Amino acid sequence: MVAQVIDGKAFAANVRAQVADQVAKLKEENGITPGLAVVLVGEDPASQVYVRSKGKQTVEVGMNSYEHKLDAETSEEDLLALIDKLNNDPAVHGILVQLPLPKHLNEDLVINSIDPAKDVDGFHISNVGLLGTGQKSMVPCTPLGCLMMLRDHHGSLSGMDAVVIGRSNIVGKPMAQLLLGDSCTVTVAHSRTKDLPDVVRRADIVVAAVGRPEMVPGDWIKEGATVIDVGINRIERDGKNKLVGDVDYASAAERAGAITPVPGGVGPMTIACLLANTLTACCRANSRPEPEGLTA
Ligand code: NAD
């Protein structure tokens, strides 16, 4: 079997187009422009790239982008004061604090100070609880993107065996909750899982979110399974820098029914889903109908 390639770049472009369409309607019919505030503390180079990219795409879909760049030495008190200001600003519908934060700042405290209704990353403890209990919440962007692609490919996921490799709060755990919400039978595998190959071989859906280059070889993949590769790993091969996923793409593509490439798979979906979440937050704040197909 040669796998169908799930084109995340095209999928994300389509999500952004849907968001842009809805934003234009909100402006025209209600005079409302969704606004996303992104807070960056310090000068981590990767974070700077993400924040720039988020700002650019926010403006491209017609939303207002508010960037707050704070010094690496910023005190917790000052950061919490800024979040409080954004929580109370009616022009701001989504707030994202770029992680990781400098070590002197308590990440949990900072994230939990964001108004849950504006928590477009879905990391606030209230949103984690709402998702876990199957209630309306803000859903973390990367797992939401994976879910959208899986639903698009399969229609219903009901009754499918899904394995999520990785149990992080950002990807693995919310991904497992979303798959459970769509009635999959879910196994969460991690660094202490015994006989991972055997666990993966039983899965109709494999979501790999580990951060280890090409650790899942093709012969772990059940014939016809759908493989969603969240991993982004920089490696050097043949003297060149390359991005690879957590799955060995070449061998997995020979057995899978469908697979996301790296780059160009899950990656582009994350910011697209951040924009979708900001639109959802804005619609909820203004008692407008939620955008169809852009939420969990
Ligand atoms: P993390 O380091 O927080 O979690 C990794 C998880 O993998 C842990 O739960 C750990 O138990 C598990 N693990 C480690 N070694 C393992 C092993 N040998 N076998 C099985 N499980 C093992 O990472 P994260 O934040 O969840 O990110 C995972 C990967 O996804 C990284 O490569 C990251 O760059 C990527 N990522 C991509 C996006 C995106 O936009 N596409 C977003 C977030 C993360």
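Start at 1 and go down the list; that is how both ligands and their atoms are numbered. Source: prediction; values computed, not measured.
A distance limit of 4.0 angstrom between heavy atoms and ligand 1 selects the residues Thr142, Ile165, Gly166, Arg167, Ser168, Val171, His190, Ser191, Leu196, Ala209, Val210, Gly211, Arg212, Met215, Val230, Gly231, Ile232, Asn233, Val266, Gly267, Thr270.
For the side chain to side chain contact (heavy atoms under 4.5 Å, CB included) test, residues two or more places apart in sequence or in another chain that qualify with Lys222 are Asp204, Ala225. With sequence neighbours left out, the side-chain hydrogen bond (donor to acceptor under 3.5 Å, both in side chains) criterion links Asp182 to Arg151. Partners of Asp198 according to the side chain to side chain contact (heavy atoms under 4.5 Å, CB included) rule, which considers only residues two or more places apart in sequence or in another chain, are Asp195, Arg202.
No hydrogens or angles considered: a donor-acceptor pair under 3.5 Å links the side chains of Asp246 and Asn233. Residues Gln98 and Lys54 bring a donor and an acceptor atom of their side chains to less than 3.5 Å of each other. Side chain to side chain, Thr295 and Thr280 fail the donor-acceptor criterion of an N or O pair below 3.5 Å.
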